[in-house]
Amino acid sequence: MKPVGPIPPGFAAIDGELAIGGMTASQLIAQAGASPLFVYSRTMLEARIAQLRAALPPRVNINYAIKANPLRQIVEFMSDLVDGFDIASGGELALAQAAGLDLARLSFAGPGKRDVELAAAIAAGVTLNVESASELRRALKLGDAAGLAPRLALRVNPDFELRGSGMKMGGGAKPFGIDQSEIPAVAAELLAAGAEFRGLHIFTGSQSLDTQAIIETQSNVLALADRLAGDIGQALPKLNMGGGFGIPYFHGDTPIDLAAIGQALAEQLGHLPDTLADTELCIELGRYLVGEAGVYLTTVLDRKESHGDTYLVTDGGLHHQLAASGNFGTVVRRNYPVAIATRFTAEPQETASVVGCLCTPLDRLADKAHLPRADVGDIVAVFCAGAYGATASPAAFLGQGPAREILL
Ligand SMILES: *Cc1c(COP(=O)(O)O)cnc(C)c1O
């Protein structure tokens, strides 16, 4: 038997069945027309932002990193809840434009931006988080050609990283950002060219559940920003402090202490140096905003035994839930929070593995989990499915196609 991850708070049962927004899993699938189905909850999205607003100093803006979940309705819904958006491709820019977002509230990071993407962002007034000196030169040239002064921030590759972070994106050699030692020279070039300097972007990592590490990193980010501003010789108009707030996916994971992070940040902001005194501050979060607000529902198609092991074969799989299958940035496969939605309040009775319908041994949604007895027609719920699910999985693999998605 292998433990499953903790089910996020806020889920209810109706007649013993998992319910979201007052509807049972079966009703949701019936309404959507078929499983597999991603269900996202507006109530949970709102609740999460409200928690953040209550904990963080009011001066700190909250940006949503669209790549975590680019579903159009979610992006539109978030536009009333967050202060800005981070995009990472021309495709996400097109989405932001179609969704009617305020493009002045967008920043565009990403290590490989094509000229067409840079030009579209410059024309739209989006802030580019510049990832290299050569990208800066391309942006300046494209700005010149269009007769526009591009809005440019510099993405810093800091010498430190966020401890305990699931994906390291700072510290040492990286394809992301400009090494911190190079920042003053690149900034000088930017300023000399007459571009609009929009400050710095310092992203240090993702998916950290270590509250102390997040606090220390935020303090290091502010100190580095001050130092670099001094070297550049300008107060910073804006500082994107990165994010990295993680959510509990696995057995033994505990949530971060948001109140402690907010308190520590408030203390820091109480005595900021002149270089940051009037700086617009933001954090950028993806999974922390949307991850727990989503559930993936998939129906059991077959129940079989093999050499004494029980398999529940579902109509879903890694083509929608690559992360839950353990194939998206994890070293050791562990079980996500998984439940039999149709027997949500029943006691576990047996050990079973939940697998997908793909012909590969990688396609596993739960390995030897202790679950209520489920049979053909039962519905399996995979929690923490709101981020890096539908669009971070190979939906076309084996001709399966995408899952349905609804925002309640
Ligand atoms: C991916 C990414 C994020 C979002 O990360 P989460 O772990 O989902 O919060 C934020 N900023 C940048 C620059 C990213 O690349």
Side-chain angles (χ1 to χ4, degrees), residues 8 40 45 48-49 51-52 56 60-71 74-75 78 82-89 91-93 96 105-113 121 126-132 135 153-158 161-171 174-178 198-210 213-214 217-218 221 238-250 253 255-256 258 261 281-294 322-323 328-330 384-393:
Y40 311 113
L45 294 173
R48 179 45 59 92
I49 309 269
Q51 287 164 3
L52 277 160
L56 296 177
V60 177
N61 287 335
I62 299 170
N63 281 11
Y64 174 48
I66 286 183
K67 78 167 189 273
N69 191 325
L71 186 72
I74 288 186
V75 170
M78 292 296 244
V82 299
D83 304 297
F85 290 86
D86 293 296
I87 56 169
S89 71
E92 289 185 353
L93 173 58
R105 294 158 66 204
L106 252 58
S107 56
F108 182 0
K113 304 185 192 75
V126 169
T127 295
L128 290 167
N129 292 343
V130 174
E131 306 261 353
S132 72
E135 187 175 282
L154 297 181
R155 179 167 178 181
V156 183
N157 174 26
E161 64 193 5
L162 175 56
R163 264 195 297 120
S165 122
M167 272 185 214
K168 309 228 178 304
M169 295 178 80
K174 292 285 174 307
F176 313 107
I178 299 163
R198 294 294 297 148
L200 300 175
H201 174 210
I202 308 180
F203 184 76
T204 51
S206 217
Q207 179 53 25
S208 175
L209 291 172
D210 185 336
I214 291 172
T217 302
Q218 289 186 331
V221 164
K238 191 173 167 191
L239 173 63
N240 180 335
M241 303 178 60
F245 297 9
I247 59 173
Y249 287 106
F250 305 118
D253 283 357
I256 54 171
L258 205 51
I261 292 168
L281 298 173
C282 75
I283 56 169
E284 51 174 355
L285 300 170
R287 78 186 73 222
Y288 194 75
L289 301 186
V290 295
E292 293 180 322
L322 191 63
F328 189 65
T330 35
C384 293
Y388 306 111
T391 60
S393 305

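Atoms within each ligand, like the ligands themselves, are counted from 1 in listed order.
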R198 side chain to L128 backbone, donor-acceptor under 3.5 Å: no
Numbering as shown, the atoms of ligand 1 that approach H201 to under 4.0 Å (heavy-atom distance): 13 (C)
Numbered atoms of ligand 1 (with element) below 4.0 Å of S206, judged on heavy atoms: 5 (O), 6 (P), 7 (O)
Distance, nearest 0.5 Å, that separates [atom1] of [X] from [atom2] of [Y]:
| X | Y | atom1 | atom2 | result |
| --- | --- | --- | --- | --- |
| I66 | L106 | CD1 | CG | 6.0 Å |
| Y64 | L45 | OH | CG | 8.0 Å |
| K174 | E131 | NZ | CD | 13.0 Å |

Shortest reach to atom 12 (C) of ligand 1 by a heavy atom, considering only F203, F176, Y64: F203
Any N or O of G286 closer than 3.5 Å to N or O of ligand 1: yes
N or O pair under 3.5 Å between Y288 and ligand 1: no
Ligand 1 contacted by Y388 (non-hydrogen, < 4.0 Å): yes
Salt-bridge criterion met for K113 and E135 (N-O under 4.0 Å): yes
Derivation and outcome, side chain to side chain contact (heavy atoms under 4.5 Å, CB included), residues F328 and Y388: CA-CA 9 Å; F328 189 65; Y388 306 111; 3.9 Å; yes
Mode of A65 contact toward ligand 1 - side chain, backbone, both, neither (heavy atoms, under 4.0 Å): side chain
